[in-house]
S.K.: 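Structure below; questions to follow.
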Amino acid sequence: MTRTSPGPIEAPPEERDVTTTPIKSDPESSTGEPRRRGVNRGAVGDRIFSGAALAAGAIILVVLFAVAVFLVVQAMPALLAPQQQVAGGLGFWPYIVPLVIGTVIAAAIALVIATPISIGVALFISHYAPRRIAQILGYVIDLLAAIPSVIFGAWGILFLAPAVVPGYTWLASTLGWIPIFAGPASATGKTILTASIVLAVMIIPIITSLTREIFLQTPKLHEEAALALGATRWEMVRMTVLPFARPGLISAVMLGLGRALGETMAVALVLSSGALTASLITTGNQTIAAEIALNFPEASGLSLSTLIAAGLVLFVITLVVNVVARWVISRHKEFSGAN
């Protein structure tokens, strides 16, 4: 029996040192506080943004105050001059009152025409139209809002005015007993009603764009809750969308009204100016902005001051309209689209 020699005995493997390297902790991060460098950057950014916002607001107030002071100073000669020296001996107030009435009439008619159309289009885009069609319509509305006013004026004088002449003739013959449709109808169609229609077409894109965005902000939970209770699409809109958007809708309408009150070139091209008349389909009436645009290039001296005084009156009217609009919105801004 032979004895076998044992093989070489292997040494046990050396144990590795599993001691981990300690991680240095940031004393500021361990306490949950942000790094001081980030804090400094944020504080500097906040101060810069706050200063820029404050400067922008102050610039707006300064510009508004400067415009008001300029208008008042330049208008004082016309306001203080004897009556026989202003506006051909009529005096300033007999001269400006018909212009104010014509301006208000044109803007009011444009608003009556444009508001329901704008709300309907905005509702269709936001709640009824398929997504692809809604996007296309939204782009078209935004493009219409960017068209210059002189283009609308050219369209009104070349296309709209001749097209509405037969309608004006029919209104004068059929409803002539109503003062606003009393004849004889204008043979050119260049009337205050035509100018109002052009203004309505101009402000429809503005009101529609703002109203559409407000309608889209309606909380989806409110709409879904109304539909879950069995409401139809229109009942859901009436109960949730319109109440939510009411203050924002007022803001959009007032913005369109401001555009209609101050529009110049479109009205100057379409309207045949004349004396104030109750009829909307005859030649006559004028607005403040169009009066200034037509007579300013040849004005000098006291006549120039008269036109600037007319601009001051328009400035005050626009300011009053915006103040009233803000007051109405502030009464209904809680839990609404203006919030």
Side-chain angles (χ1 to χ4, degrees), residues 64 67-115 149 153 179-180 182 190-200 202-203 253-296 299 302-328:
L64 184 63
V67 170
V69 170
F70 169 80
L71 292 175
V72 170
V73 172
Q74 295 295 323
M76 289 306 295
L79 297 176
L80 301 178
Q83 179 177 349
Q84 61 274 13
Q85 297 181 7
V86 180
L90 298 177
F92 177 73
W93 296 112
Y95 163 77
I96 196 62
V97 169
L99 298 179
V100 172
I101 296 175
T103 302
V104 173
I105 290 175
I109 295 175
L111 211 61
V112 169
I113 297 174
T115 300
S149 59
I180 60 175
K190 300 170 65 175
T191 65
I192 190 70
L193 184 56
T194 305
S196 300
I197 296 174
V198 173
L199 289 177
M202 292 179 61
I203 65 177
V253 171
M254 289 300 104
L255 184 61
L257 177 60
R259 173 72 183 276
L261 288 172
E263 181 51 43
T264 304
M265 290 308 301
V267 178
L269 291 174
V270 174
L271 181 61
S272 292
S273 60
L276 179 65
T277 177
S279 179
L280 304 177
I281 60 176
T282 60
T283 301
N285 296 314
Q286 182 65 296
T287 65
I288 296 177
E291 178 76 9
I292 296 174
L294 294 175
N295 297 321
F296 196 86
L302 194 58
S303 60
L304 180 61
S305 298
T306 303
L307 294 178
I308 295 178
L312 176 63
V313 173
L314 181 60
F315 178 83
V316 172
I317 293 174
T318 307
L319 186 63
V320 170
V321 168
N322 283 275
V323 169
V324 172
R326 296 307 306 173
W327 176 73
V328 173

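Residue numbers run from 1 in the order of the sequence given.
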S.K.: CD1/I192 to OG1/T287 distance, rounded to the nearest 0.5 angstrom?
M.R.: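 Answer for the CD1-OG1 pair, I192 versus T287, is 6.5 Å.
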S.K.: For a quick test of your reading: what N or O donor-acceptor pairs under 3.5 Å do the side chains of residues 68-76 make, sequence neighbours left out?
M.R.:
none

S.K.: F92 and A309: which non-hydrogen atoms are nearest, and at how many Å?
M.R.: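 Nearest pair, atom of F92 first, then A309: CE1-CB, 3.3 Å.
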S.K.: Is the backbone N or O of K190 less than 3.5 Å from a side-chain atom of T194, with the two atoms forming a donor-acceptor pair by type?
M.R.: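 It does not hold such a pair.
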S.K.: With sequence neighbours excluded, what pairs up with A107 under the side-chain contact (heavy atoms from CB on, under 4.5 Å) test?
M.R.: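 Checked A107 against side-chain contact (heavy atoms from CB on, under 4.5 Å); matches are L257, A260, L261.
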S.K.: Rounded at 0.5 Å granularity, tell me how far CD1 in I113 sits from OG in S196.
M.R.: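 So the CD1 of I113 and the OG of S196 are separated by 6.5 Å.
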S.K.: I'd like to know if the side chain of N285 and the backbone of T277 have a donor-acceptor N/O pair within less than 3.5 Å.
M.R.: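 Looks like yes, one N/O pair under 3.5 Å.
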S.K.: Whether the side chain of S149 engages the backbone of A266 through a donor-acceptor N/O pair (distance < 3.5 Å, no angle test) should be reported.
M.R.: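 Judged by distance alone, no pair lies under 3.5 Å.
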S.K.: Just distance, no hydrogens or angles: give the donor-acceptor pairs under 3.5 Å from side chains in residues 315-325, sequence neighbours left out.
M.R.:
unit_1 : atom_1 : unit_2 : atom_2 : d
T318   : OG1    : L314   : O      : 2.9
N322   : ND2    : T318   : O      : 2.6

S.K.: Can you check whether S303 reaches N295 side chain to side chain, under 4.5 Å on heavy atoms?
M.R.: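 No, too far: nothing below the 4.5 Å cut-off.
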S.K.: When rounded to the nearest 0.5 angstrom, what is the spacing between CZ in R259 and CD1 in I203?
M.R.: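 Spacing of CZ (R259) from CD1 (I203) equals 9.0 Å.
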S.K.: Would you name the heavy atoms of Y95 and P98 that are closest together and state the gap between them?
M.R.: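 Result for this residue pair: O-CD, 3.6 Å.
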S.K.: Atom CG in L307, atom CG in L312: separation rounded to 0.5 Å?
M.R.: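 CG of L312 is found 12.5 Å from CG of L307.
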S.K.: Let me confirm one number: the CD-CD1 distance from E291 to I96, rounded to the nearest 0.5 Å.
M.R.: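 Separation between the atoms: 8.0 Å.
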S.K.: Return yes if some donor-acceptor pair links the side-chain N/O of T264 with the main-chain N/O of A290 below 3.5 Å, else return no.
M.R.: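 No; zero donor-acceptor contacts below 3.5 Å.
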S.K.: Determine whether V198 and E263 make a side-chain contact, defined as any pair of heavy atoms from C-beta on separated by less than 4.5 Å.
M.R.: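 V198 vs E263: side chains apart.
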S.K.: Working to the nearest 0.5 angstrom, can you tell me the gap between I292 CD1 and L304 CG?
M.R.: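 Taking CD1 in I292 and CG in L304, the distance rounds to 10.5 Å.
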